[in-house]
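Below is one structure, written out as structure tokens, with a few remarks after it.
Side chains included, hydrogens not; waters and symmetry mates left out as well; all remaining heavy atoms used. Quick caveat: nothing in here was measured; it's all calculated off a predicted structure. Numbering starts at 1 and runs along the sequence shown.
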Amino acid sequence: MASAPHESGNGTGSVNHSANVSRPAVLSLVIKEKAALYSAYMPFLQNGGIFVPTSKVYNLGDEIYLILTLVDDPNKYPVAGKVVWITPDGAGNNKTQGIGVHFPGDESGVRIKRRVEDVLGAALRSSRITHTL
């Protein structure tokens, strides 16, 4: 089961008026069960990604700073990703509202993709329904 994400910032990024620089929204997601991780993981993305349940409105391409905690791992994985999937409120088939965050192609993205896939193991080949596909 995933806990509700903690969010700060807004979907379009906060504006620092003194520097006029857009900052990415910050989300924290704790996934406590392997089944919840399977439902949230997006292996079909080039660098992998994760579905984050949220009622906040985001746009495709928005930058997101995600702090991810996985199953029984005490580590927190910081990831700077981009919104590549949006499931709006009221989507069909009782889909959970939220966003899909694409992991970056850098070292942090490779590390979190490997870690998620290690946790999931053989479950990666399952055909069970997920939050996205």
Side-chain angles (χ1 to χ4, degrees):
M1 171 179 226
S3 69
H6 170 74
E7 304 177 77
S8 64
N10 61 30
T12 58
S14 299
V15 176
N16 177 339
H17 294 287
S18 62
N20 203 20
V21 175
S22 179
R23 293 176 25 201
V26 178
L27 299 170
S28 179
L29 179 63
V30 177
I31 297 181
K32 297 180 180 179
E33 298 170 357
K34 190 173 177 178
L37 180 58
Y38 172 83
S39 292
Y41 185 53
M42 302 171 78
F44 53 86
L45 295 175
Q46 181 178 357
N47 303 320
I50 198 92
F51 179 83
V52 181
T54 179
S55 59
K56 284 200 165 207
V57 176
Y58 293 93
N59 296 304
L60 292 175
D62 283 352
E63 293 184 10
I64 301 292
Y65 188 77
L66 179 64
I67 300 170
L68 187 59
T69 306
L70 301 173
V71 191
D72 293 326
D73 189 336
N75 296 310
K76 293 181 185 218
Y77 296 92
V79 180
K82 288 195 184 255
V83 174
V84 295
W85 181 282
I86 298 173
T87 303
D89 184 28
N93 297 329
N94 293 322
K95 290 283 190 183
T96 301
Q97 181 180 0
I99 57 172
V101 177
H102 191 194
F103 299 149
D106 64 12
E107 183 181 324
S108 70
V110 170
R111 183 176 65 243
I112 191 60
K113 179 180 181 185
R114 254 192 227 131
R115 182 66 189 119
V116 168
E117 291 180 354
D118 285 349
V119 170
L120 289 175
L124 275 171
R125 294 184 292 281
S126 175
S127 59
R128 291 189 327 243
I129 294 174
T130 69
H131 289 299
T132 54
L133 296 177

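The cluster map of Ile, Leu, Val, Met, Phe, Trp and Tyr, joined by side-chain heavy atoms under 4.5 Å apart, puts Phe51 and Phe44 in the same cluster.
Leu29 has its side chain within reach of Pro53: a pair of non-hydrogen atoms, C-beta onward, lies under 4.5 Å apart. Contact check for Ile86 versus Leu60: side-chain heavy atoms found under the 4.5 Å cut-off. Within the 4.5 Å cutoff, the side chain of Leu70 has heavy atoms near those of the Ile112 side chain.
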Name each donor-acceptor pair under 3.5 Å that joins a side chain in residues 98-108 to protein atoms two or more places apart or in another chain, with its distance.
from   : atom 1 : to     : atom 2 : distance (Å)
His102 : NE2    : Asn47  : N      : 3.1
Asp106 : OD1    : Ser108 : N      : 3.1
Asp106 : OD1    : Ser108 : OG     : 2.7
Asp106 : OD1    : Gly109 : N      : 3.0

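Sorted by first and then second residue, the pairs that involve residues 112-121 and meet salt bridge (Lys or Arg N to Asp or Glu O under 4.0 Å), not counting sequence neighbours, are Asp73-Arg115. Listed by first and then second residue, the salt bridge (Lys or Arg N to Asp or Glu O under 4.0 Å) pairs involving residues 74-92 are Glu63-Lys82 (not counting sequence neighbours).
Put simply, CG on Asp62 and NZ on Lys56 are 11.5 Å apart, with the number rounded to the nearest 0.5 Å. With rounding to the nearest 0.5 Å, the separation of OH in Tyr77 from OG1 in Thr69 is 9.0 Å. Note that CD1 of Ile64 and CG of Leu27 are 5.0 Å apart. Values are rounded to the nearest 0.5 Å. Separation of atoms CG (Leu68) and OG (Ser28) is listed at 8.5 Å; rounding is to 0.5 Å.
Around the CG atom of Asn75, the shell of radius 6.0 Å holds more than 12 heavy atoms that belong to other residues, nucleotides or ligands.
With sequence neighbours excluded, the residues forming a side-chain contact (heavy atoms from CB on, under 4.5 Å) with Ala80 are Tyr65, listed by chain and number.
Taking every heavy atom of both residues into account, Thr96 and Thr87 meet most closely at O-CG2, 3.2 Å.
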